[in-house]
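Below is one structure, written out as structure tokens; comments come after it.
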Protein chains: 2
Amino acid sequence: MNTAQTLTKIPLFHTLTDTQYQQLARHARYLSIKRGEILFQKGDPSDGFYYVIQGKMKLAISAKNGNERVIEIIQTDMTFGEAVMFINKPYPVYAQAVVDSQLLFIAKQAILRAIEQDTQFALKMLAGLSYRLHSLVKDVESSCLYDSTQRIVIYLSMLEMNETGWIILPATKSVVASLLNLTPETFSRVLKILSEQQLITVKGRHIQIHDIEKLRQFSHTQPI
Amino acid sequence: MNTAQTLTKIPLFHTLTDTQYQQLARHARYLSIKRGEILFQKGDPSDGFYYVIQGKMKLAISAKNGNERVIEIIQTDMTFGEAVMFINKPYPVYAQAVVDSQLLFIAKQAILRAIEQDTQFALKMLAGLSYRLHSLVKDVESSCLYDSTQRIVIYLSMLEMNETGWIILPATKSVVASLLNLTPETFSRVLKILSEQQLITVKGRHIQIHDIEKLRQFSHTQPI
DNA sequence: CGCCCGCTTGATCGTCATCAAGGGCGGTGG
DNA sequence: CCACCGCCCTTGATGACGATCAAGCGGGCG
């Protein structure tokens, strides 16, 4: 598949014309990245954003002492790095490949031109950023107002969209734990408790939720 | 001052023409709100955003048990609520007046029209949202990677832009504490410790930083 | 002058991180 | 096919940070 064709898969671009796709394609470049590799470091300058053709990336921050906190896990068919493009600031996070991945980089100038030509595109861009902002507020909310069990239950509930009742964690348990602002140890312990309560079944990264309502109830009755 | 004149003070609108100002003014309305009053509740639908002509607002979330967490303090000349406008979701936070305030509400449809007419405006809007996103990431970073003393020092350093060395907290200590994800008690204790270390002087909401470098050093040497 | 609200200070507790060690699974090579 | 190795994950013991509960202080405003 060529670059222009790949671009048509990005939801953000769905209102564009063929000509515009060709323009974008000229400013896009394909790249492949191996598991564990760093795409950009916190502090690097930004001149475009990325689309995940296939694979998984994680955005995270880290303290001097080595502690890290995963902000987001970017999966196949998602984009990242849009926001930083519009302000002259370096990346506030670093990006690392969780598995071998294929990415598409789209240069800032191409986006700016597209915005000039297409109002709908600008609105989509705004909606995309707004959505991100919304998610982050929810994230802050979670971290501040809920304890570890509640955060985990909320997270599992979010993933619970399949019909089967089985969900698959998008990364290793350590990474998911960090996403929920927990240590791997705590994450493991809570999953064990939920298992013992017959609320879930854990098989590696696969988790079955038996009764989502009971699960939610449990997490609320925990305090006191 | 009439509405159109007030609009010209909003940085976001600086590229607009007089005609556009008139258009916007028709979709804007002035409102006055008393200290403590709620402007909108979490969950309310959004159909525009707000500009603080004079006063102070706070955006916060709250848990069932009554706990609250202040996300942002909006001061005179700042805007809020832009992001939610672009996605069909209710406010993820509630807004409350910290002091008696005058606001300008600008309806969504006026903004959408302005975006259609002015590319520069769309870009400014994008930059504004990006900036918000950036701040929030910084906020998450602070909460996760730094302890209470470090967060307070970082916050005080941010406010430290005046020449005098004296800074003024933008709200009551309780509200600032919540903004830093701390209880008032902890906030008070840390300020006391910093005072005892001769690093700052506290007089009500006025704080003098004696030596910002020593202050930073202290907050880093604390752990261990 | 007195009340109320916001701040301080103290004592105690709980949650989660940290430190440490052991177990399981998958991949690789003999 | 089996053995080995490394990486996660688990499980246990301990501790620290900050929250909570409780009481007293102080200053501003009516």
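Note on naming: letters A, B, ... go to the chains in the order of the sequence lines (proteins, then strands), and numbering restarts at 1 for each one.
Under the salt bridge (Lys or Arg N to Asp or Glu O under 4.0 Å) criterion, the residue pairs touching residues 71-99 of chain A are A:E72-A:R132, A:E82-A:R132, with sequence neighbours excluded. Residue pairs meeting the salt bridge (Lys or Arg N to Asp or Glu O under 4.0 Å) criterion with at least one partner in residues 40-51 of chain A, sequence neighbours excluded, are A:K42-B:E141.
Across every non-hydrogen atom of B:L129 and A:S130, the tightest pair is CD1-OG, 3.4 Å.
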Check: A:R216 and A:E213: salt bridge (Lys or Arg N to Asp or Glu O under 4.0 Å), yes or no, with the steps?
Finding: CA-CA 5 Å; A:R216 289 193 178 123; A:E213 278 313 317; 3.3 Å; yes

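As a whole-Å value, the separation of A:F187 CZ from D:dC8 C1' is 13 Å. Between the NE2 atom of A:H206 and the P atom of C:dC25 there is a distance of 14 Å, rounded to whole Å. Rounded to whole angstrom, the span from the CG atom of A:L182 across to the P atom of C:dT18 amounts to 12 Å. Rounded to an integer number of Å, the gap from CG of B:D147 to C1' of D:dG18 is 10 Å. Remark: C1' of C:dG6 and CG of B:L191 are 14 Å apart, rounded to the nearest angstrom.
For the OP1/OP2 pair of D:dA19 and a distance below 4.0 Å, the side-chain nitrogens and oxygens of B:N181 include no atom meeting the criterion. Of the side-chain N and O atoms in A:T172, none sit less than 4.0 angstrom from OP1 or OP2 of D:dC8.
Considering only heavy atoms from C-beta on, A:Y94 stays 4.5 Å or farther from A:L39 through its side chain. The shortest side-chain heavy-atom distance between A:V137 and A:V140 does not fall under the 4.5 Å cut-off.
Put simply, the side chain of B:R29 never gets that close to the backbone of B:A107: no donor and acceptor are under 3.5 Å apart.
Every ring pair (Phe, Tyr, Trp, His ring centres under 6.0 Å) that A:F80 has, sequence neighbours left out, goes to A:Y50.
Rounded to the nearest 0.5 angstrom, B:L12 CG and B:I111 CD1 are separated by 6.5 Å.
Here the nucleotide nearest the side chain of A:S174, chosen from C:dT18, C:dC7, D:dC8, is D:dC8. Picking from D:dG18, D:dA19, C:dG6 the nucleotide with the shortest atom distance to the side chain of B:T183 gives D:dA19.
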Polar pairs (N or O, both sides) under 3.5 Å between protein and nucleotides 9-14 of chain C?
from	atom 1	to	atom 2	distance (Å)
C:dG10	N7	B:R189	NH1	2.9
C:dG10	O6	B:R189	NH2	3.4
C:dA11	N6	B:R189	NH2	3.4

When you compare the protein's N or O atoms with those of nucleotides 28-30 of chain D, which come within less than 3.5 Å of each other, and at what distance?
none

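Comparing the axis of the opening five pairs of the helix from C:dC1-D:dG30 to C:dG22-D:dC9 with that of the closing five pairs yields an angle of 40°, rounded to 10°.
Put simply, the residue from A:F105, A:F49, A:Y91 that forms a ring-ring contact (aromatic ring centres under 6.0 Å, His included) with A:F40 is A:Y91.
The closest side-chain donor-acceptor pair between B:T6 and B:T3, if any, does not fall under 3.5 angstrom.
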